[in-house]
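First the proteins, then the strands, lettered A, B, ... as listed; each starts at 1. Just so we're clear, the structure is a prediction, and the values are computed from it rather than from any experiment. Because only heavy atoms are used, hydrogens play no part in the values below, and waters and symmetry mates are left out as well, while side chains stay in.
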Number of protein chains: 2
Amino acid sequence: MSKPASRRNTIADVARHAGVSKATVSRFLNHRDALLSPEIAARVEAAVAELGYVPSPMAQALKRGRSRLIGLVVADIANPYSVAVLRGAEQACRKAGYLVMLFNLGNERERESAGLKALASYKVEGYILNTMGHDTGSLLETATQGKPVVLVDRLHPGLDVDFVSLDNRQAIGDSASHLLARGYRELLFVTEPRGAVSSRIERSRAFEDFLVQHAMPGQAVSGQSLDSAVDDQETLVQALQALRRRAAGASPAVISGNAVVTLQVVAAVARLGWRLGRDIGLIGIDDTPWAPFVGPGISAMAQPTDRIGQLAAQCLLQRVGGLDTPARRMLLPGLLAARGSTRRQ
Amino acid sequence: MSKPASRRNTIADVARHAGVSKATVSRFLNHRDALLSPEIAARVEAAVAELGYVPSPMAQALKRGRSRLIGLVVADIANPYSVAVLRGAEQACRKAGYLVMLFNLGNERERESAGLKALASYKVEGYILNTMGHDTGSLLETATQGKPVVLVDRLHPGLDVDFVSLDNRQAIGDSASHLLARGYRELLFVTEPRGAVSSRIERSRAFEDFLVQHAMPGQAVSGQSLDSAVDDQETLVQALQALRRRAAGASPAVISGNAVVTLQVVAAVARLGWRLGRDIGLIGIDDTPWAPFVGPGISAMAQPTDRIGQLAAQCLLQRVGGLDTPARRMLLPGLLAARGSTRRQ
DNA sequence: TTGTACGCGTTATCAA
DNA sequence: TTGATAACGCGTACAA
């Protein structure tokens, strides 16, 4: 027993076993096609199989500078959207032989560059970022050390890299059109505080642009936007009351910027004792498994989250593989699920 | 410019900068307390600061065999429970200076040992496992190479390691007692197919034991268990109809084994056109943000998921730190949130 | 076509 | 107390 069972076999063990040098084994493993006499190749192959040898990714990473690791930074793992994307991305990475290192910011944006550094120290080959949009592009650029980056859902100013996201303009436009078609006329868009988060800003803008475009005589649609903090139900309740007052005879409706906000709105509506659909319309960005069962069912604009995650991973892996085209913007369409919360009676 | 800006500084750079040997720098960093003349220590410290030197975890891992990495294997990242635990665990690990490597099984249990191997190759120092319970303990034991393991929510037969979970017996007991107190008498426990998943089995058993204990004359409580596949709504609908028939005059109620099942039950009840609480009682294991807003509000037994994740991480890190006590079982109590779905009118 | 020898960035052992 | 030097496991010039 020269080899203690506890230790994993190394390339040296294989070399000894096959009666060749480490270099030969390495060559067999890396460029197995070329430069090997069939007889030696067979011997090495047998030894590898027999010892169940698997190269150490860490040693490889140390040597090559590449690790077969992808760094994934998410703003908040508690957000179902982040999870859904993570899911698609992890799957795509794994299929390509990469492992995902996860760094959760827990909504503490100061940790953004710390996370990047932590991941960088493990020599991740690329980054998928779904973060707060706090750090500027140049800061991120230094933190990522020139490694490929793909942004999901949230753009960073001055960072010219691949970007995968819901088509916010289409999503908001279709949602608002749906409300108009269902007879709602006084609209309110509710978002988490916009801050520097591009998706929130874009959705708000798309909403405001929609209003402008549809403010033709006879249509008489109008609306407002509201930034609502998660813990401030009072403000939201007052905004809803104001909305209904403004509506006068016409029907009021809310578009919520994501699933978290949808739940806030639902809570506020419940507190007011209003009925969804009838007293106030509601459609939310992000569909959820529970949406059909709240009140008369909550209408939603579903994001193709799995697809977004997969696409992000694919883009990133192409870059890792050396693709050097200009930065791409991939906007995926949302899908409307109409339910009772946008039916006036 | 001798040092290309692209490369991260190494210990050699620091040594050169401070005019000492690499060994001295290493000593300063690792056992900074001992064996260093104040003057040299100061020089090294300055050099480290000036160059912004951070040791390479990969090189350290290669040398020491330790990586400051924790492997986290979850059965299904789409399950909110997994995510909530992941969240607590990641936070605790990060605070202790560890990073989490995530491996998602996507409910494909064959990938369990593959995942462990992948993580092992990165020399993770320990594993947090929330998996399918498919692979036997001995199989896992070899896959984890003797590294510390902590199991979350799901036990593996023959694997004698730390275990953190909801106190299923208490949770089920309190849920069922709550139903009795609210006047429900004919109970049905619905779980995802038990298979080899210990938590499902335990909850089912706890429910059955509860029935036996409360089957005294005068109480007249009875019930059954049902394994319900996620995609088989038909069976569930029929089971609910049978339940109500059995109840005759008395009130029927369902305990659902987790949030996924709760949603199934809600869907089935909706299809039957029944009203929660009045026509049928419902209480679910796992509280969710949407539970208060479905129908009259869904009563729930909340798991302390964050705490479970943190505890799991803490246990694991203790073991990583060398703790060598017998395996521990940590059972955390659930907290009842009573809502309208367990109010008979 | 194969083997030797060195380096990746650390830590640890041994002298000095 | 400090400094060479040898690993850790692997890839790759270079020499054979």
Side-chain angles (χ1 to χ4, degrees), chain A residues 3-4 6-45 47-48 51-69 117 120-123 125 145, chain B residues 3-4 6-45 47-48 51-69 120-125 145:
Chain A
K3 162 176 64 78
S6 65
R7 217 184 82 263
R8 273 185 45 182
N9 287 320
T10 75
I11 199 171
D13 297 320
V14 178
R16 210 172 311 129
H17 201 84
V20 300
S21 75
K22 294 192 300 177
T24 301
V25 177
S26 177
R27 268 191 289 264
F28 172 77
L29 294 166
N30 297 308
H31 353 261
R32 67 188 316 126
D33 40 350
L35 323 163
L36 265 253
S37 78
E39 193 240 347
I40 291 258
R43 279 217 322 261
V44 173
E45 183 161 27
V48 166
L51 270 53
Y53 168 74
V54 180
S56 153
M58 305 216 80
Q60 291 186 140
L62 190 61
K63 185 68 187 133
R64 315 168 147 153
R66 297 185 285 121
S67 60
R68 299 200 79 70
L69 245 31
K117 270 179 206 148
S121 68
Y122 284 96
K123 298 219 184 303
E125 300 186 32
Q145 309 257 34
Chain B
K3 161 176 65 79
S6 63
R7 217 184 84 264
R8 273 184 45 180
N9 286 320
T10 75
I11 200 171
D13 297 320
V14 178
R16 211 172 309 129
H17 201 84
V20 298
S21 75
K22 294 192 300 176
T24 302
V25 178
S26 177
R27 267 193 290 265
F28 171 77
L29 294 166
N30 297 307
H31 351 262
R32 69 187 315 124
D33 40 352
L35 321 164
L36 266 253
S37 78
E39 193 240 345
I40 291 255
R43 275 212 331 256
V44 174
E45 184 162 26
V48 166
L51 271 54
Y53 168 74
V54 179
S56 153
M58 307 215 78
Q60 291 186 140
L62 187 61
K63 183 61 190 149
R64 314 169 146 156
R66 298 185 284 120
S67 61
R68 299 200 77 72
L69 244 32
S121 67
Y122 283 96
K123 298 220 183 302
V124 302
E125 301 186 32
Q145 309 259 36

Subject >> Whole angstrom value for the distance that separates C1' of dT2(D) from CZ of Arg43(B) >> reply: 11 Å

Original post:
Can you tell me how far the CZ atom of Arg16(A) sits from the CG atom of Leu51(A), to the nearest 0.5 Å?
Top reply: 9.5 Å

**OP:** For the helix from dT1(C)-dA16(D) to dA16(C)-dT1(D), measure the angle between the helix axis at one end and the axis at the other, each built from five pairs, rounding to 10°.
**Re:** 50°

Original post:
To the nearest 0.5 Å, how far apart are OG in Ser21(B) and CD1 in Ile11(B)?
Top reply: 8.5 Å

Subject >> Heavy-atom closest contact (Arg64(B) atom, Asn30(B) atom, distance) >> reply: NH2-OD1, 3.2 Å

Original post:
Just by distance, do the side chain of Glu125(B) and the backbone of Ser67(B) share a donor-acceptor pair under 3.5 Å?
Top reply: yes

**OP:** Working to the nearest 0.5 Å, report the span between CD1 of Ile40(B) and CZ of Arg27(B).
**Re:** 10.0 Å

Original post:
Quick one: CZ on Arg8(B) to CG on Asp13(B), what's the gap to the nearest 0.5 Å?
Top reply: 11.0 Å

Original post:
Atom OG of Ser26(A) and atom CD of Gln60(A): how far apart are they, to the nearest 0.5 Å?
Top reply: 8.5 Å

Subject >> Contact letters for nucleotides 8-16 of chain D, in which S counts primed atoms plus P, OP1 and OP2 and B counts the base, heavy atoms under 4.0 Å >> reply: BBBBBB---

**OP:** Measure the shortest side-chain to side-chain distance between Arg68(B) and Tyr122(A) over non-hydrogen atoms and say whether it is less than 4.5 angstrom.
**Re:** yes

